[in-house]
Amino acid sequence: MNLDIAYTKRLDSRIKLHGAEAFEGMRRAGQLTAQALDMLVPEVKPGVTTQSLDDLTFEFAMDHGAVPAPLNYRGFTKSICTSLNHVVCHGIPGPRILRDGDILNIDVTLIVDGWHGDSSRMYPVGKISRAAERLVAVTYEALMRGVGAVAPGGHIGDIGAAIQSYAEGERCSVVRDFCGHGIGQVFHDRPNVLHYGRAGDGIELQPGMLFTIEPMINLGKPQVKIKSDGWTAVTRDRSLSAQFEHTVGVTETGVEVFTVSPAGLHQPPYDTA
Ligand code: MF3
Ligand code: CO
Ligand code: CO
């Protein structure tokens with residue numbers, strides 16, 4: 001099987017450049033991941049535990065011949081990450097019962113035929129505050145501005161600059177401690193994709209690069225700390241945090257987003273009725 005992987009010649013020779021076969025694999029993995037996030041929309045409601053959402057996603061993966069990448073990844077024991085309210089990322093599913101007014105990020109990574117699709121969305125639980133609504137909307141727009149900054153011949157710093165200038169202009173802050181990442185047959189690969197920075201900085205974007213963009217945006221200060229479970233990242237000031245994530249590929253002409261929702265459930269409100 002010719003997987004058609006080349007490597008960049010300039011700036012960072014260790015970043016993989018993938019061919020058509022990889023893009024086909026990423027399309028399948030990305031679409032199944034987005035379908036899992038769609039499946040979860042009606043399941044996120046007051047009274048359910050985050051563990052039940054993990055169970056549903058595990059079953060979904062099994063039913064579709066996929067493997068949840070987080071399961072047993074570096075000691076993580078669940079299939080998804082569930083990050084509530086002031087949890088920035090890497091929240092661990094468990095007995096916590098969702099309550100009216102919570103905001104939840106669900107991050108799903110499915111491996112399909114060896115290729116990784118990695119995506120997350122925000123899910124409001126019942127009726128949420130205006131402040132929470134605004135944070136979620138700003139975070140989705142920040143992700144999409146980052147995606148819009150991807151083009152061959154551009155630089156990776158263009159992505160972070162687009163996200164940071166927008167989010168800070170909306171009086172929100174950008175988390176510095178976590179970044180997007182190269183992806184493909186590996187879950188977390190080079191390059192790091194920072195969600196802040198200056199346009200023109202960093203490596204040049206070239207057709208065939210595959211990576212995620214996954215900004216974490218806070219209503220308060222950007223600082224985070226990790227809880228004693230070794231995974232759960234929370235805002236130090238306990239302000240609300242939100243995140244959306246897409247997996248993308250650089251094409252000859254622009255960008256392909258592999259994890260677009262097949263049901264059109266891109267951001268809340270998810271009016272499925
Ligand atoms: N899906 C996360 C990301 O966007 C990584 C989760 S790693 C885990 O990169 F171990 F916490 F699952
Ligand atoms: Co990711
Ligand atoms: Co993810």
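Counting from 1, the numbers follow the sequence of the chain as shown. When a ligand or atom number is given, it counts from 1 through the structure's own listing order.
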Counting distance only, does the side-chain N/O of [X] pair as donor-acceptor with the main-chain N or O of [Y] below 3.5 Å?
| X | Y | answer |
| --- | --- | --- |
| Asp54 | Ile80 | yes |
| Asp63 | Phe60 | no |
| Asp237 | Gly220 | no |
| Ser83 | Gly91 | yes |
| Gln185 | Gly114 | no |

Residue among Asn105, Asp107, Thr139, Asp38 satisfying side-chain hydrogen bond (donor to acceptor under 3.5 Å, both in side chains) with Arg121
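Only match with Arg121 under side-chain hydrogen bond (donor to acceptor under 3.5 Å, both in side chains): Asp38.
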
With a cut-off of 2.8 Å, does His181 place any N/O/S atom under that distance from the Co ion (ligand 2)?
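Checking the Co ion (ligand 2) against His181, an N, O or S atom does fall under 2.8 Å.
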
Are side-chain heavy atoms of Val234 and Lys225 found at a separation under 4.5 Å?
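Contact flag for Val234/Lys225 side chains = yes.
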
Can you list, by chain and residue number, every protein residue with a non-hydrogen atom closer than 4.0 Å to ligand 1?
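Contacting ligand 1 under 4.0 Å are Pro70, Tyr73, Phe76, Cys81, His90, Asp107, Thr109, Asp118, His181, Phe187, His188, Glu214, Trp231, Glu245.
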
Determine, step by step, whether Arg145 and Glu141 satisfy the salt bridge (Lys or Arg N to Asp or Glu O under 4.0 Å) criterion, reporting the C-alpha distance in whole Å, the side-chain angles of both residues, the deciding distance to 0.1 Å, and the verdict.
CA-CA 6 Å; Arg145 288 190 183 213; Glu141 177 65 16; 2.7 Å; yes

Test of understanding: with side-chain contact (heavy atoms from CB on, under 4.5 Å), list the residues that count as partners of His181, not counting sequence neighbours.
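Checked His181 against side-chain contact (heavy atoms from CB on, under 4.5 Å); matches are Asp118, Ile183, Phe187, His188, Thr212, Glu214, Glu245.
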
Using 2.8 Å as the cut-off, count the protein N, O or S atoms closer than that to the Co ion (ligand 3).
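Counting protein N, O and S atoms closer than 2.8 Å to the Co ion (ligand 3) gives 4.
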
Holding to salt bridge (charged side-chain N to carboxylate O under 4.0 Å, His left out), I want the full list of residues that pass it with Asp177, two or more places apart in sequence or in another chain.
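Partners of Asp177 under the salt bridge (charged side-chain N to carboxylate O under 4.0 Å, His left out) test: none.
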
